[in-house]
Every structure is written in structure tokens, then in C-alpha cells.
Amino acid sequence: MSDVVVRAPAKINVHLGVGPLRADGFHALHTVYLAVSLHDTVTARPGEGLSLRMSGEGADGPGLVPADRTNLVWRAAELLARHAGVRADADLEVAKSIPVAAGLAGGSADAAATLVALDTLWGTRAGREDLLRLAADLGSDVPFGLVGGVALGTGRGEQVSPVLAAGRWHWVLGIAGEGLSTPAVYGELDRMRADGRVPDVTGPTPAEPVLAALRTGSTTELAAALANDLQPAALALRPDLRRALRAAEDAGARAALVSGSGPTVAALAADEDSAVRLAAELAGVGVFRTVRAVSGPVPGARPVS
């Protein structure tokens with residue numbers, strides 16, 4: 001078979017409610033994912049054994065994206081091969097546009113794209129539910145990489161249900177400085193709750209206000225409903241993010257929040273023209289290393305013609 005090329009999108013968490021730490025080491029979540037028009041691309045070719053090459057955002061330099069079996073792409077390939085009872089033979093190439101360790105689930109998008117690409121390359125004929133189960137084994141955000149659009153994530157985020165949403169929303173993503181470790185941010189939230197710096201909780205913050213806003217298609221209602229329980233922890237670890245949030249709001253964003261575990265600031269714009277102007281202004285204020293204007297929702301991992 002010839003090359004199989006699959007794109008998968010970045011995500012924004014327009015709501016992230018985080019419950020207490022569970023016995024299995026994860027937190028119970030109520031999160032609302034929104035897939036946006038910033039993609040990584042995975043190309044799968046016939047090969048002997050597995051090989052992996054990385055290019056683009058975060059692929060160069062020491063300590064960045066590994067091109068070995070520790071990469072989620074490699075693990076996805078081995079997992080699908082075991083599930084299907086086939087040899088894990090493929091030459092994989094990942095072209096990255098999603099910034100690394102930015103709270104945008106780029107690694108999870110890569111894993112989702114790999115499952116779709118290799119299902120086609122190897123002819124495994126895995127059903128949708130099979131791929132979703134494999135995705136959940138790989139990581140909490142990987143199933144949404146397959147589903148895309150807008151979805152409610154429960155459990156540790158891996159139980160994904162598409163939700164009704166009207167219209168399209170325009171955002172500017174400002175990636176501020178170096179990446180943040182997701183486990184470190186969750187750990188800081190646990191410490192902040194334990195010592196009373198933020199209120200303790202018995203369960204995740206409900207997602208109903210955001211879900212209601214998404215159904216209306218109103219940017220004003222969505223701006224008022226955005227929420228992220230991880231934001232105080234991300235700000236504690238990276239105080240400079242406060243300046244980044246203020247810069248987005250001062251530049252005319254309808255609302256701004258830290259996306260997921262950060263350090264990306266997701267700034268909601270009124271419309272496409274406003275997003276272009278907002279991106280141009282934020283690119284010049286000196287608080288972000290990368291600025292991208294995006295929109296969503298967009299589909300999950302899909303083959304490219």
C-alpha cells in the first residue's frame with residue numbers, strides 16, 4: 001500500500017473541572033473539549049520494523065520530542081499491532097505544528113492520527129469502538145483526538161461523548177515561554193487544595209454552563225462560561241502567565257483562559273476579523289513565543305486525500 005497521511009487537531013479545554021485525586025493516581029474530570037484548526041500530520045509507509053521521524057515544532061534540539069519507543073506514536077503503533085495480531089512494520093513520520101507541552105494535546109493528536117493511519121496501512125479493519133478503547137489505553141486526551149468536534153470528557157477525560165454546539169468560534173492561541181508538565185500542574189493543584197490556597201472539592205466542577213453556551217452559539221455566553229480548575233496551579237508555577245492573560249484581555253479578547261495545564265493562553269475573539277487583529281497585536285507585545293489564530297470546531301483524526 002502507498003503512503004497514508006492523517007491529520008489530527010489540537011484541542012482547547014473550554015471547561016476543565018478537576019475532582020479530587022483518585023486511588024488510581026488520576027483525577028475525576030468533567031471537561032469540554034473543542035478541536036481547533038491547528039494540526040499535526042502523521043504519514044505511515046510500509047517498512048520493516050518500526051521507525052519514527054519527527055519534524056517541525058519541537059522536533060529539534062535535546063530534550064524535546066523523542067523519536068523512539070517512549071513517544072506516544074510508537075506506543076500507539078505497537079498497541080494496534082498487538083490488538084490486530086499483525087507485525088508492527090511501518091515507517092512513521094510526524095510533521096508537527098502543535099506546540100509541545102502547551103496544554104493543546106499535540107502528543108495525543110499524534111497518537112490518534114497514528115491509530116487511524118496504521119489501521120488503513122495494515123488493513124486491520126478495527127472498528128470505531130476498538131480504536132477508542134485503544135486510544136483510552138494510551139492517554140486521557142487520545143480518544144478526543146479521534147472524535148474531534150466538541151465533546152464532553154468524563155472519567156479521567158477518556159470517556160468522550162460528542163455534544164451539540166451551534167456555530168464556529170475564533171480563538172487566538174498565545175504560547176507563553178517554555179512548556180509546563182501536566183503532572184506538575186495537577187500536583188500543584190493538589191497542594192493548593194490541601195493547604196487552603198484554593199477551595200477543596202468533592203467532585204469536578206459541572207460543565208453545564210459551558211454546554212448551554214455552546215448550544216446557543218453565542219460568543220458572549222461562551223466567554224462568560226469559560227472555566228479551568230487547573231488555571232490557579234498553572235499561574236502558581238508560572239506567574240508570568242498572569243501578564244499573558246492580561247495582555248490578551250487588554251488587546252480585545254472577549255475572554256481568555258489557560259488551556260488545559262498550560263502554558264497556552266486561549267483568547268476568544270468575537271469573529272474571524274477580530275481574531276486576525278488580536279493575533280497581530282499579541283504577536284507584538286512580547287509575552288508570547290508563538291501566536292496562532294485558529295477556529296473550531298473541526299473534525300478529529302482524518303486521512304488527507
Side-chain angles (χ1 to χ4, degrees), residues 10-34 58 62-66 70-72 75 98-111 135-145 152-160 173-207 210 226-245 256-266 287-290:
K11 60 83 181 167
I12 297 171
N13 297 89
V14 294
H15 174 89
L16 181 51
V18 182
L21 185 65
R22 306 188 313 195
D24 63 1
F26 293 98
H27 295 75
L29 302 182
H30 282 178
T31 188
V32 180
Y33 296 109
L34 173 70
L64 294 178
V65 183
T70 64
N71 191 299
L72 207 55
R75 291 168 50 200
I98 304 172
V100 177
L104 298 172
S108 297
D110 298 343
D137 287 344
L138 290 165
S140 299
D141 290 336
V142 182
F144 180 69
L152 174 66
T154 55
R156 53 180 169 83
E158 87 288 4
Q159 299 171 24
V160 178
L173 305 181
I175 295 85
E178 300 302 318
L180 269 173
S181 159
T182 296
V185 177
Y186 274 98
E188 179 65 14
L189 177 62
D190 292 336
R191 287 187 291 273
M192 295 177 76
R193 286 174 170 173
D195 63 22
R197 284 181 285 162
V198 297
D200 204 355
V201 296
T202 58
T205 306
V210 159
L226 298 175
N228 180 5
D229 285 353
L230 283 182
Q231 182 163 301
L235 295 177
L237 294 174
R238 289 280 301 280
D240 58 301
L241 287 176
R242 297 182 189 277
R243 182 184 171 207
L245 287 167
L257 82 168
V258 173
S259 179
S261 58
T264 296
V265 168
V287 297
F288 299 109
R289 65 178 175 87
T290 302

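Of the possible polar contacts, none joining the Thr264 side chain to the Leu173 backbone as a donor-acceptor pair under 3.5 Å is found. No side-chain donor-acceptor contact under 3.5 Å links Arg75 to the backbone of Ala111.
For Leu16 against Gly260, the heavy-atom pair with the smallest separation is CD2-CA, 4.0 Å. Looking at every heavy atom in both residues, Pro232 comes nearest to Val198 through CB-CG1, 4.0 Å. Among all heavy-atom pairs drawn from Gln231 and Val258, the shortest one is OE1-N, 2.8 Å. Ala234 and Leu180 get closest at one heavy-atom pair: CB-CD1, 4.2 Å. For the residue pair Tyr33 and Gly157, the shortest heavy atom distance occurs at OH-O, 3.0 Å. The minimum heavy-atom distance between Thr205 and His30, with the atom names listed, is O-CB, 3.8 Å.
With rounding to the nearest 0.5 angstrom, the CZ atom of Phe144 is 6.5 Å from the CG atom of Leu34. Atom NE2 of His15 is separated from atom OG1 of Thr31 by 7.0 Å, given to the nearest 0.5 angstrom. A distance of 4.0 Å separates CD in Gln159 from OG1 in Thr154, rounded to the nearest 0.5 Å.
Between Leu235 and Leu245 there is a side-chain heavy-atom pair separated by less than 4.5 Å. Between Leu29 and Asp229, the closest side-chain pair of non-hydrogen atoms is not below 4.5 Å. Between Leu237 and Val185, the closest side-chain pair of non-hydrogen atoms falls below 4.5 Å.
In the model, Ser261 has a side-chain atom that pairs as donor or acceptor with a side-chain atom of Thr182 under 3.5 Å.
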Let me have the donor-acceptor pairs involving side chains of residues 100-108, under 3.5 Å, with sequence neighbours excluded, atom names and distances please.
none

Review item, side-chain donor-acceptor pairs of residues 187-196, under 3.5 Å, at least two apart:
{"unit_1": "Glu188", "atom_1": "OE1", "unit_2": "Arg191", "atom_2": "NE", "d": "3.2"}
{"unit_1": "Glu188", "atom_1": "OE1", "unit_2": "Arg191", "atom_2": "NH2", "d": "3.0"}
{"unit_1": "Glu188", "atom_1": "OE2", "unit_2": "Arg197", "atom_2": "NH1", "d": "3.2"}
{"unit_1": "Glu188", "atom_1": "OE2", "unit_2": "Arg197", "atom_2": "NH2", "d": "3.3"}
{"unit_1": "Asp190", "atom_1": "OD1", "unit_2": "His27", "atom_2": "NE2", "d": "2.8"}
{"unit_1": "Asp190", "atom_1": "OD2", "unit_2": "His27", "atom_2": "NE2", "d": "3.2"}
{"unit_1": "Arg193", "atom_1": "NH1", "unit_2": "Val18", "atom_2": "O", "d": "3.1"}
{"unit_1": "Arg193", "atom_1": "NH1", "unit_2": "Gly19", "atom_2": "O", "d": "3.2"}
{"unit_1": "Arg193", "atom_1": "NH2", "unit_2": "Val18", "atom_2": "O", "d": "2.7"}
{"unit_1": "Asp195", "atom_1": "OD1", "unit_2": "Arg197", "atom_2": "N", "d": "3.2"}
{"unit_1": "Asp195", "atom_1": "OD1", "unit_2": "Arg197", "atom_2": "NE", "d": "3.1"}
{"unit_1": "Asp195", "atom_1": "OD2", "unit_2": "Arg197", "atom_2": "NE", "d": "3.0"}
{"unit_1": "Asp195", "atom_1": "OD2", "unit_2": "Arg197", "atom_2": "NH2", "d": "3.3"}

#### Entry: side-chain contact (heavy atoms from CB on, under 4.5 Å) between Leu230 and Asn13, intermediate numbers included
CA-CA 11 Å; Leu230 283 182; Asn13 297 89; over 6 Å; no
